[in-house]
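Written below as structure tokens is the structure these notes are about.
What you see below is based on every heavy atom in this structure, not just the backbone, and it leaves out hydrogens, waters and symmetry mates. Predicted model, so just to flag it, every value in this text is computed and none were measured.
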Amino acid sequence: MDNIIKDILAADKLAQEKVSEAQDVKANIGESVKKEKTAILKKYEQASKKEIEAALNAINLELESLQKQSDKELEKTVASLQRYYEENKDTWIDYMLKACIES
């Protein structure tokens, strides 16, 4: 009978140890999941920041290109107006002088 009681106590002690180990594993799993979640979120956050930065760089390059194109068009327009003025200024001056003299 003593052997049966000792076996039962030994089995109970072993079961308690396994339950304790399982609880430790369960607690560690929760912590591991939190750490893994944090690592995954950080990884995707960094990837998102890189994608946003790349998109902003592309937009800035496009804006620079459009600005240069607009500047060239403005230069052409100013040059065209200057040529038009130079070609017609004498005619306009004559017209204004005649209008002043006749009035």
Side-chain angles (χ1 to χ4, degrees):
M1 184 72 135
D2 285 336
N3 285 340
I4 293 175
I5 293 174
K6 286 181 184 179
D7 288 343
I8 291 172
L9 291 175
D12 183 57
K13 184 176 180 180
L14 182 62
Q16 287 178 6
E17 288 174 0
K18 288 191 177 196
V19 167
S20 178
E21 288 175 10
Q23 288 173 340
D24 290 344
V25 168
K26 181 181 176 184
N28 289 338
I29 286 175
E31 191 62 32
S32 293
V33 168
K34 286 180 185 177
K35 287 180 182 178
E36 188 67 25
K37 178 182 175 183
T38 302
I40 290 170
L41 288 174
K42 189 172 184 178
K43 174 185 170 186
Y44 284 106
E45 184 178 307
Q46 289 172 346
S48 295
K49 284 181 181 179
K50 287 180 182 178
E51 288 179 18
I52 290 169
E53 188 176 313
L56 286 174
N57 287 338
I59 289 169
N60 286 333
L61 288 174
E62 186 175 347
L63 287 174
E64 285 178 24
S65 175
L66 290 172
Q67 181 65 46
K68 288 178 183 178
Q69 186 178 3
S70 294
D71 290 345
K72 286 181 183 179
E73 288 179 23
L74 177 63
E75 287 176 18
K76 286 180 184 178
T77 303
V78 168
S80 175
L81 286 172
Q82 186 65 33
R83 274 192 313 275
Y84 187 71
Y85 170 76
E86 292 298 329
E87 290 171 0
N88 294 296
K89 71 178 178 180
D90 292 334
T91 304
W92 296 336
I93 292 172
D94 288 344
Y95 176 78
M96 286 187 274
L97 283 175
K98 284 181 185 177
C100 288
I101 293 172
E102 291 176 358
S103 51

* To do: Only counting residues at least two apart or in another chain, list the ones meeting side-chain hydrogen bond (donor to acceptor under 3.5 Å, both in side chains) with Asp71.
  =>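 Listed in chain order: Gln67.
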* Asked: So which pairs with a foot in residues 47-69 pass salt bridge (charged side-chain N to carboxylate O under 4.0 Å, His left out), sequence neighbours left out?
  ->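 Every salt bridge (charged side-chain N to carboxylate O under 4.0 Å, His left out) pair that includes a residue of residues 47-69, provided the two are not neighbours, is Glu45-Lys49.
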Which ILVMFWY residues can you reach from [X] by hopping between side chains whose heavy atoms are under 4.5 Å apart?
X: Val78; result: Leu74
X: Ile93; result: Leu97
X: Leu14; result: none
X: Ile101; result: none

* Separation between CD of Glu31 and NZ of Lys26, rounded to the nearest 0.5 Å -> 14.5 Å
* To do: Without swapping roles, check the side chain of Ser32 against the backbone of Asn28 for a donor-acceptor pair under 3.5 Å.
  => yes
Would you mind writing out the side-chain donor-acceptor pairs for residues 15-24 within the sub-3.5 Å range, not counting sequence neighbours?
from, atom 1, to, atom 2, distance (Å)
Gln16, NE2, Asp12, OD2, 3.0

Indicate every side-chain donor-acceptor pair of residues 82-91 with a distance under 3.5 Å to a residue at least two apart or in another chain.
from, atom 1, to, atom 2, distance (Å)
Gln82, NE2, Glu86, OE2, 3.0
Glu86, OE1, Lys89, NZ, 3.4
Asn88, ND2, Tyr84, O, 2.9

Going by side chain to side chain contact (heavy atoms under 4.5 Å, CB included), name the residues that satisfy it together with [X], two or more places apart in sequence or in a different chain.
X: Ile29; value: Val25, Val33
X: Gln69; value: Leu66, Glu73
X: Leu63; value: Ile59, Asn60

* Structure fact -> For residues 33-80, the ring-ring contact (aromatic ring centres under 6.0 Å, His included) pairs (sequence neighbours left out) are none
